[in-house]
Amino acid sequence: MNRFLHTLRTQRWDDHRYYHQSRINQALHLASALGFLVAYAVVFIDPALAALIAWGFSMTTRQAGHFFFEPKGYDHVNEASFKHKEAIKVGYNLERKVVLLAIWAAFPVALALSPSLGGVITPAVGLAGYIHDVGMGWFALGVAGVLFRTTQLLFVQGAVEALAWTTKIVTDPFHDVKMYWRAPLALLRGEWIDPMVHVRRGPH
């Protein structure tokens, strides 16, 4: 248990210091986290709606922060190149995210062209049915994406690292609210990049 908790703390700390230096990215993660929390509340009532919220709002805001606002040059805070950070990232680095997001974007198109997905599902009736099926497809994609990377980590890094990453992903919305609720205030002060002074003190 101690090793698991240490690994979880390390993964969270590395994710923060390596990939969340932009205050805009932090603010977008705050918005994303709040959306995910709404999705968590809805998922037991309507999984399709929860997935539409999670993918349609939370994932788009979250990934926009990473792709468009997070610095990708040499990281002087951590003395690491962007290439190095991408190579050691435990979860989905930008290359893996491109693949995942391509599948996400392609699914509604595929469903529109083949409402039964080649006979796999019963074709939806009307626009509401189509949107529901998109939501269920995205829900399945989210679950599959987590299980796929967890399985990869299980074989590459071991059970503790895999379980820690899965736990981190599921609990990220709660942690992000705790970490980044001050980001909008920093932006109002004109602070675009987190000075990361706390990084020098090491993980808490």
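Taking the six-membered ring for Trp and the full ring otherwise, His175 and His29 have centroids separated by 6.0 Å or more. In this structure, the ring of His84 has its center no less than 6.0 angstrom from the ring center of Tyr74.
Here the closest non-hydrogen pair linking Ala183 and Ala27 is CB-N, 3.6 Å. When all heavy atoms of Ser22 and Pro71 are compared, the closest pair comes out as CB-CD, 4.1 Å. Closest non-hydrogen pair, Trp138 versus Pro108, comes out as CZ2-CG, 3.6 Å. Nearest heavy atom pair, residue Val42 against residue Ala50, reads CG1-N, 4.0 Å. Considering every non-hydrogen atom in both Gly135 and Ala51, the closest pair reads O-CB, 3.1 Å. The two residues Leu34 and Val177 make their nearest non-hydrogen contact at CD2-CG2, 4.0 Å.
In this structure, the side chain of Ser32 does not engage the main chain of Leu28 through any donor-acceptor pair within 3.5 Å. Side chain of Arg96 to main chain of Gly91: a donor-acceptor pair is present (N/O by atom type, distance under 3.5 Å, no hydrogens or angles). Side-chain N or O atoms of Thr61 include one that pairs as donor or acceptor with a backbone N or O of Phe57 at under 3.5 Å. Using modelled atom types, no side-chain atom of Arg149 and backbone atom of Thr166 make a donor-acceptor pair closer than 3.5 Å. In this structure a side-chain-to-backbone donor-acceptor pair under 3.5 Å is missing from Glu191 to Ala186. In this structure, the side chain of Lys85 does not engage the main chain of Asn93 through any donor-acceptor pair within 3.5 Å. With hydrogens and angles disregarded, no donor-acceptor distance shorter than 3.5 Å links the side chain of Asp172 to the backbone of Ala33. Counting only distance, with no hydrogens or angles, the side chain of Ser114 and the backbone of Gly118 share a donor-acceptor pair below 3.5 Å. Checked by atom type and distance alone, the side chain of His66 never pairs as donor or acceptor with a backbone atom of Leu94 at under 3.5 Å. Under a 3.5 Å cut-off, the side chain of Tyr40 and the backbone N or O of Val170 do form a donor-acceptor pair.
For the residue pair Asp194/Gln21, the side-chain donor-acceptor check at 3.5 Å is not satisfied. Side-chain contact of Arg12 with Thr171: a donor-acceptor pair under 3.5 Å is present, judged by distance alone.
Side-chain heavy atoms closer than 4.5 Å link hydrophobic residues (I, L, V, M, F, W, Y) into clusters, and following such links, even through other members, never connects Ile131 to Val109. Residues Trp55 and Leu52 share a hydrophobic cluster, clusters being chains of Ile/Leu/Val/Met/Phe/Trp/Tyr side chains in contact below 4.5 Å. Residues Phe36 and Tyr180 fall into different hydrophobic clusters, defined by Ile, Leu, Val, Met, Phe, Trp and Tyr side chains chained together at heavy-atom separations under 4.5 Å. Hydrophobic clustering of Ile, Leu, Val, Met, Phe, Trp and Tyr side chains at less than 4.5 Å, counting indirect connections, keeps Leu185 apart from Leu187. Side-chain heavy atoms closer than 4.5 Å link hydrophobic residues (I, L, V, M, F, W, Y) into clusters, and following such links, even through other members, never connects Val146 to Val160.
Between His16 and Met196 there is a side-chain heavy-atom pair separated by less than 4.5 Å. For the pair Leu141 and Phe107, the minimum side-chain heavy-atom distance is 4.5 Å or more. Contact annotation: the side chain of Ser116 never approaches that of Thr122 to less than 4.5 Å [non-hydrogen atoms, C-beta and beyond].
The CE atom of Met136 lies 11.5 Å from the CG atom of Leu49; values are rounded to the nearest 0.5 Å. In this structure, the separation between CG on Leu100 and CD on Glu95 is 13.0 Å, given to the nearest 0.5 Å. Interatomic distance, CG of Leu154 versus CH2 of Trp165, reported as 12.5 Å (0.5 Å rounding). Put simply, CD on Glu86 and OG on Ser81 are 10.0 Å apart, with the number rounded to the nearest 0.5 Å. Note that CD of Gln63 is 10.0 Å distant from CH2 of Trp104, once rounded to the nearest 0.5 Å. Residue Lys72 holds its NZ atom at 8.0 Å from CZ of Phe67, rounded to the nearest 0.5 Å.
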Verdict with supporting geometry, Trp192 and Arg23, side-chain contact (heavy atoms from CB on, under 4.5 Å): CA-CA 5 Å; Trp192 300 101; Arg23 288 296 195 187; 5.5 Å; no

Stepwise side-chain contact (heavy atoms from CB on, under 4.5 Å) test for Gln11 and His6: CA-CA 9 Å; Gln11 289 182 6; His6 174 75; over 6 Å; no

Full working for side-chain contact (heavy atoms from CB on, under 4.5 Å) between Phe4 and Leu163: CA-CA 8 Å; Phe4 166 78; Leu163 181 58; 3.7 Å; yes

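Salt-bridge formation is detected for the pair Asp176/Arg62: a Lys NZ or Arg NE/NH1/NH2 atom is positioned less than 4.0 Å from an Asp or Glu carboxylate oxygen. Salt-bridge annotation for Glu161 and Arg3: present, with a side-chain N of the basic residue lying under 4.0 Å from a carboxylate O of the acidic one.
For the pair Lys89 and Tyr18, the NZ or CZ position fails the cation-pi test of under 6.0 Å to the six-membered ring centre and within 45 degrees of the ring normal.
For Phe148, the CZ atom counts as loosely surrounded, since its 6.0 Å shell holds 12 or fewer non-hydrogen atoms of other residues, nucleotides or ligands.
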